[in-house]
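Only one structure is covered here, and it is reproduced in the block below.
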Amino acid sequence: MTAMDALVRLCPPPVDPPPVVDWARTERALGTALPADYERLVETYGDGIFDETIWLLVPCSSSDDRDLLAQTTERDAVLTGLWGTGEKPAGLTEVGARVLPWAFEEGTGAFLYWLARPGTHPDEWTVLLNEGAAPCGSTTTRGASPSWSQCSRERRERTASATSTTC
């Protein structure tokens, strides 16, 4: 059983299917393909929150706060400003490496990102967590803490298969 199968078993998707995503258009706008498991997650659940904690960023959300393209633009601006005055996380000093947001934690300013590195297939991207430390309601500094953690694909799959939580 895949991690996604386990998630669907633990957290049934909405009765009404989410809107269809134009992945080709989204990937052109981002300048990169996206991980297949993320596309399946969005196609299964759509725009929404898991366990009243993790908001999934999706293309064409009705809210800019949850829109993948809007948040990519916002996060790029915030992180460019942050890294202009500080040190980039390990892995981002490589030419062409970048981070792409895909989820955020409710009320904390923490964002989940992919570390997209040249020559690395999207399904193999590392997930980074930026802990964030912004005041509630702030959109200009949210998620701009220099504290980063990372998790490999193998570790994510082991964690997902061992997790039993409710939605």
Please find the pair of heavy atoms, one from Arg75 and one from Tyr113, that lie closest to each other, and give the distance. CD-OH, 3.1 Å
Side-chain heavy-atom pair Trp125, Thr32 within 4.5 angstrom cut-off: yes
Which distance, rounded to the nearest 0.5 Å, do you find between the CG of Leu57 and the CG of Leu112? 9.0 Å
Any chance you could measure Trp55, atom CH2, to Ser61, atom OG, to the nearest 0.5 Å? 8.5 Å
So which heavy atom on Pro122 is nearest to which on Pro35, and how close? O-CG, 3.3 Å
Any side-chain heavy atom of Pro18 sitting closer than 4.5 Å to one from Tyr45? no
Supply the atom-to-atom distance Leu128 CG to Thr126 OG1, rounded to the nearest 0.5 angstrom. 6.5 Å
With sequence neighbours left out, the residues meeting salt bridge (charged side-chain N to carboxylate O under 4.0 Å, His left out) with Asp64 are none
Selection residues 95-105 - residue pairs positive for salt bridge (charged side-chain N to carboxylate O under 4.0 Å, His left out), sequence neighbours left out: none
Side chains of Ile49 and Glu106 in contact at under 4.5 Å (non-hydrogen atoms): yes
I'd like to know whether CZ of Arg40 has more than 12 heavy-atom contacts from other residues, nucleotides or ligands below 6.0 angstrom. yes
For residues Leu100 and Ala116, report the shortest heavy-atom separation together with the two atoms involved. CD1-CB, 4.4 Å
Please, which pairs that meet ring pair (Phe, Tyr, Trp, His ring centres under 6.0 Å) have at least one residue in residues 17-43, sequence neighbours excluded? Trp23-Tyr38, Tyr38-Trp114
List the atom of Cys60, the atom of Asp67, and the distance in Å for their closest heavy-atom pair. N-OD1, 2.8 Å
Can a donor-acceptor pair be found, under 3.5 Å and without considering hydrogens, that links the side chain of Glu27 to the backbone of Leu34? yes
Between Thr44 and Pro13, the two heavy atoms sitting closest are O-CB, 3.4 Å
Report yes if the side chains of Phe111 and Leu79 come closer than 4.5 Å at any heavy-atom pair, otherwise no. no
Taking atom types as modelled, is there a side-chain donor on Asp5 or Thr2 under 3.5 Å from an acceptor on the other? yes
So which heavy atom on Asp47 is nearest to which on Arg66, and how close? OD1-NE, 2.8 Å
Could you check if a side-chain atom of Leu56 sits within less than 4.5 angstrom of a side-chain atom of Phe104, using non-hydrogen atoms only? no
Does a salt bridge link Arg28 with Asp22, judged by any charged N lying under 4.0 Å from a carboxylate O? no
Can you find a heavy atom in the side chain of Thr53 that is under 4.5 Å from one in the side chain of Thr108? no
Do the non-hydrogen side-chain atoms of Val42 and Val58 ever get within less than 4.5 Å of each other? yes
